[in-house]
Asks: 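Right, I'll just put the structure down here and ask away after.
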Amino acid sequence: VQLQASGGGVVQTGGSLRLSCAASGSTFSTYGMAWFRQAPGKEREFVGLITRSGSSTYYADSVKGRFTISRDNDKNTLYLQLSALKPEDTAIYYCAANAYQLSSLSRAYDYWGQGTLVTVSS
């Protein structure tokens with residue numbers, strides 16, 4: 001599966017943004033999906049994941065209650081709604097796909113989008 005992330009940009013503290021991840025080349029609904037992010041000078045970190053059907057989600061504590069993951073299997077698209085943004089949310093956001101078992105570990109994911117940059121200004 002090929003993944004293309006988009007929707008990043010510059011937003012003020014407290015603002016909102018919606019990221020998208022378009023999938024192609026394979027049956028999207030057979031993949032569990034996740035979002036990760038990598039801030040400058042830091043390691044890539046888990047943001048959240050969603051099951052194949054979209055019925056369940058799981059979030060990192062740092063974003064719980066502020067970010068929402070959803071998917072539209074008819075449109076082959078994954079979303080990440082970011083709200084109440086903070087400067088520490090500044091990072092490149094990556095979408096990732098896993099055909100087997102969902103995990104918060106980046107090494108469990110075989111397919112990655114190219115990333116989209118989110119910058120939160122104070």
Side-chain angles (χ1 to χ4, degrees):
V1 62
Q2 290 81 47
L3 304 174
Q4 179 78 32
S6 63
V10 179
V11 61
Q12 292 186 334
T13 297
S16 299
L17 208 58
R18 190 177 81 158
L19 307 183
S20 299
C21 175
S24 61
S26 191
T27 305
F28 180 62
S29 60
T30 63
Y31 292 90
M33 300 295 297
W35 287 97
F36 289 81
R37 67 185 181 184
Q38 188 165 16
K42 295 187 177 181
E43 293 187 354
R44 190 169 299 188
E45 68 170 349
F46 171 75
V47 173
L49 59 82
I50 188 167
T51 55
R52 292 168 180 80
S53 66
S55 60
S56 296
T57 54
Y58 177 77
Y59 300 94
D61 288 343
S62 59
V63 306
K64 198 175 296 182
R66 300 189 299 120
F67 292 7
T68 302
I69 296 176
S70 61
R71 65 190 296 164
D72 187 333
N73 286 343
D74 291 333
K75 295 183 178 179
N76 294 337
T77 304
L78 172 74
Y79 302 100
L80 179 65
Q81 178 69 45
L82 298 81
S83 302
L85 282 161
K86 307 173 182 179
E88 51 264 43
D89 294 319
T90 295
I92 299 174
Y93 284 72
Y94 298 90
C95 54
N98 184 326
Y100 302 102
Q101 184 174 357
L102 286 174
S103 171
S104 61
L105 300 176
S106 60
R107 63 175 181 264
Y109 291 81
D110 299 314
Y111 306 99
W112 292 83
Q114 86 289 358
T116 186
L117 176 63
V118 173
T119 302
V120 184
S121 62
S122 57

Asks: For Thr77 and Ala22, which heavy atoms make the closest approach, and how far apart are they?
Replies: OG1-CA, 4.4 Å

Asks: Between Val11 and Ser16, is any pair of side-chain heavy atoms under 4.5 Å apart?
Replies: no

Asks: So Leu82 and Tyr93, do their side chains get closer than 4.5 Å, heavy atoms only?
Replies: yes

Asks: Does any pair with a residue in residues 99-122 pass side-chain hydrogen bond (donor to acceptor under 3.5 Å, both in side chains), and if so which ones, sequence neighbours excluded?
Replies: none

Asks: Kindly write out the residues that satisfy side chain to side chain donor-acceptor pair (under 3.5 Å) with Arg52, not counting sequence neighbours, or none if the list is empty.
Replies: none

Asks: Do Leu19 and Tyr94 come within less than 4.5 Å of each other through their side chains, counting heavy atoms only?
Replies: no

Asks: Would you find a donor on one side and an acceptor on the other, under 3.5 Å apart, between the side chain of Arg66 and the backbone of Ala84?
Replies: yes

Asks: Can you confirm whether Asp89 sits close enough to Val118 that some side-chain heavy atom of one is under 4.5 Å from a side-chain heavy atom of the other?
Replies: no

Asks: Any link between Ile92 and Leu17 through a network of hydrophobic side chains (Ile, Leu, Val, Met, Phe, Trp, Tyr) touching at under 4.5 Å?
Replies: no

Asks: Leu117 and Phe36: same hydrophobic cluster, using ILVMFWY side-chain contacts below 4.5 Å?
Replies: yes

Asks: Examine distances only and state if a side-chain atom of Thr90 and a backbone atom of Val120 form a donor-acceptor pair shorter than 3.5 Å.
Replies: yes

Asks: Residues two or more places apart in sequence or in another chain: which of them pass side chain to side chain donor-acceptor pair (under 3.5 Å) with Ser55?
Replies: Ser53

Asks: Answer yes or no: is there a donor N or O on one side and an acceptor on the other, between the side chain of Thr51 and the main chain of Ser56, under 3.5 Å?
Replies: yes

Asks: Got Arg37 and Ser62 here, is their nearest side-chain heavy-atom distance under 4.5 Å?
Replies: yes

